[in-house]
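From a predicted model like this one, the values you see are computed outputs, not experimental measurements.
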Amino acid sequence: MWRLRIVHTTGYAYQSPVTASYNEARLTPRSNSRQNVILNRVETIPATRSYRYIDYWGTAVTAFDLHAPHTDLTVTSSSVVETERQEPPAEELAWKELRSEAVIDRYDELLRPTGHTPMNKRVASVAKKIAKNNEPAEAVVAAAKWVRGELDYLPGTTSVHSSGLDALNAGKGVCQDFVHLSLMLLRGMGIPAQYVSGYLHPKQDAVIGDTVDGRSHAWIEAWIGGWWGFDPTNDSAISEQYVSVGVGRDYTDVSPLKGIYSGEGATDLDVVVEVTRLA
């Protein structure tokens, strides 16, 4: 078991005063069988009143709004989380069971294409081939391996609006693109799959007490009789280094911060993630 402290700071600088803004932050880690949230607080400068709720997908949301003119806004989420290595599902289903009416009905929304995870003939053909040669659990890993063979990891080549198909056509992308393309394959096989946002401590042999530059990260969870996570970008199972925050159909369901504001001009955005292994 690891204990991690994560401090995620987002700063906005506006070219002219913003008179009002309404915002949602998805920056609170999840408590589940693999991780336990000891502490989380989301604070803003200027200070705001906020309220929390759990969204449709089970992600904690901190909503806040500002009605005084401001040229800067800083949002800081501080968390302490205990994590464990992921255990495989107690029961792994065969294809026949996965494709039953009960499963399709229950996970309908996580089997359908979305704007970020559209389907095309090539991806459908690859999905069919992988499913033919593998059992569902093996197919999840095989799908991630195929994606790694098609995409080079290259920051700055795609945007938050890019789809998995855009990345496939470009042959490059970031973790978000690896996840979207993996989701396209899994859903094409009939495996319910969701996008997971969170954080990754970059060092397996992390020194206790050292603060390092962490990063926001994304991976997949596939339902193969139980939820099972896998990181297609790094070709790895989910270990103590991973802290999950949000889940949904694709990036649009889990974006860390989104909102609207009343004012002129573009904004400068600065994001810093610091991760410390405490135990």
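With no hydrogens or angles considered, no side-chain donor-acceptor pair links Thr62 and Ser50 at under 3.5 Å. With no hydrogens or angles considered, a side-chain donor-acceptor pair links Asp231 and His217 at under 3.5 Å. With hydrogens and angles left out, the side-chain atoms of Asn40 and Arg52 include a donor and acceptor closer than 3.5 Å. Defined by atom type and a distance below 3.5 Å, a donor-acceptor pair is missing between the side-chain atoms of Ser162 and Tyr251. Side-chain polar atoms of Thr158 and Gln176 form no donor-acceptor pair below 3.5 angstrom.
From Arg99, atom CZ reaches atom CG of Leu93 across 12.0 Å, with rounding to the nearest 0.5 Å. In this structure, OG in Ser21 is found 6.5 Å from CZ in Phe64, a value given to the nearest 0.5 Å. Atom-to-atom distance recorded for Asp152:CG and Asp177:CG is 12.0 Å, nearest 0.5 angstrom. Rounded to the nearest 0.5 angstrom, Ile220 CD1 and Thr233 OG1 are separated by 9.5 Å. For the atom pair Tyr14 OH and Asp72 CG, the distance stands at 8.5 Å (nearest 0.5 Å). Rounding to the nearest 0.5 angstrom, the gap separating the CG atom in Asn36 from the CZ atom in Arg3 is 9.0 Å.
No chain of hydrophobic side-chain contacts below 4.5 Å, direct or via other Ile, Leu, Val, Met, Phe, Trp or Tyr residues, connects Leu278 to Val273. Under a hydrophobic-cluster definition in which Ile, Leu, Val, Met, Phe, Trp and Tyr are linked whenever side-chain heavy atoms come within less than 4.5 Å, directly or via other members, Trp57 and Val61 are assigned to different clusters. Hydrophobic cluster membership differs between Tyr242 and Trp2, with clusters built from Ile, Leu, Val, Met, Phe, Trp and Tyr side chains linked at under 4.5 angstrom. In the hydrophobic clustering of this structure, Val140 groups with Val147; members are Ile, Leu, Val, Met, Phe, Trp, Tyr whose side-chain heavy atoms approach within less than 4.5 Å, directly or through other members. A continuous path of ILVMFWY side-chain contacts below 4.5 Å connects Leu183 to Tyr153, so both sit in one hydrophobic cluster.
Counting heavy atoms from C-beta outward, Glu82 and Leu4 have side chains that stay 4.5 Å or more apart. Contact of the Phe230 side chain with the Asp235 side chain is registered, since non-hydrogen atoms from C-beta on lie closer than 4.5 Å. Side-chain contact between Thr117 and Arg187 is present, with at least one heavy-atom pair separated by less than 4.5 Å. Side-chain contact between Asp210 and Thr276 is absent, with no heavy atoms from C-beta onward closer than 4.5 Å. Put simply, the side chain of Pro46 reaches to within 4.5 Å of the side chain of Leu73, judged on heavy atoms. When side chains are defined from C-beta on, Ser79 does not count as touching Val37, because their heavy atoms never get closer than 4.5 Å. Looking only at side-chain heavy atoms (C-beta outward), Tyr195 and His116 stay at 4.5 Å or farther from each other. No side-chain heavy atom of Arg148 sits under 4.5 Å from any side-chain heavy atom of Leu151.
Nearest heavy atoms, Gly156 versus Val174: N-CG1, 4.4 Å. A pairwise comparison of heavy atoms in Asp213 and Pro202 identifies O-CG, 3.8 Å as the closest pair. Across Cys175 and Ala218, no two heavy atoms sit closer than the pair SG-N, 3.7 Å. Contact record, Trp95 with Met189: CZ3-O, 3.6 Å, taken as the closest heavy-atom pair. Across Leu257 and Ala25, no two heavy atoms sit closer than the pair CD2-CB, 3.6 Å. The minimum heavy-atom distance linking Ile191 with Ala139 is given by the pair CD1-CB, 4.4 Å.
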Give the C-alpha distance, both sets of side-chain angles, the deciding distance and a yes or no for side chain to side chain contact (heavy atoms under 4.5 Å, CB included) between Asn23 and Lys258.
CA-CA 6 Å; Asn23 309 274; Lys258 60 183 174 185; over 6 Å; no

How far apart are the C-alpha atoms of Gln35 and Ser244, what are their side-chain angles, what is the distance that settles it, and do they pass the side chain to side chain contact (heavy atoms under 4.5 Å, CB included) test?
CA-CA 8 Å; Gln35 64 183 42; Ser244 67; 3.3 Å; yes

Side chain to side chain contact (heavy atoms under 4.5 Å, CB included) assessment of Val123 paired with Val126
CA-CA 5 Å; Val123 174; Val126 172; 5.7 Å; no

Would you please test Val207 and Arg277 for side chain to side chain contact (heavy atoms under 4.5 Å, CB included) and show each step?
CA-CA 7 Å; Val207 176; Arg277 184 177 177 189; over 6 Å; no

Check the pair Tyr107 / Trp223 against ring pair (Phe, Tyr, Trp, His ring centres under 6.0 Å), numbers first and verdict last.
CA-CA 9 Å; Tyr107 293 109; Trp223 195 84; 4.8 Å; yes

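Here the side chain of His180 pairs no donor or acceptor atom with the backbone of Phe178 at under 3.5 angstrom.
For Tyr261 and Tyr12, the ring centers sit 6.0 Å or farther from each other.
Ring geometry for His67 versus Tyr22: interplanar angle over 60°, hence perpendicular rather than tilted (30 to 60°).
Contact check on Arg122 versus Glu150 returns a salt bridge, with a Lys/Arg side-chain nitrogen under 4.0 Å from an Asp/Glu carboxylate oxygen. Under a 4.0 Å N-O distance rule, the pair Arg34/Glu221 does not qualify as a salt bridge.
With Arg26 as the partner, the side chain to side chain donor-acceptor pair (under 3.5 Å) test is satisfied by one option alone out of Asp253, Thr59, Asp55: Asp55.
Summarising the local packing, CD of Glu87 is surrounded by 12 or fewer heavy atoms from other residues, nucleotides or ligands at distances under 6.0 Å. Shown here is Arg112, whose CZ atom has no more than 12 heavy atoms of other residues, nucleotides or ligands within 6.0 Å.
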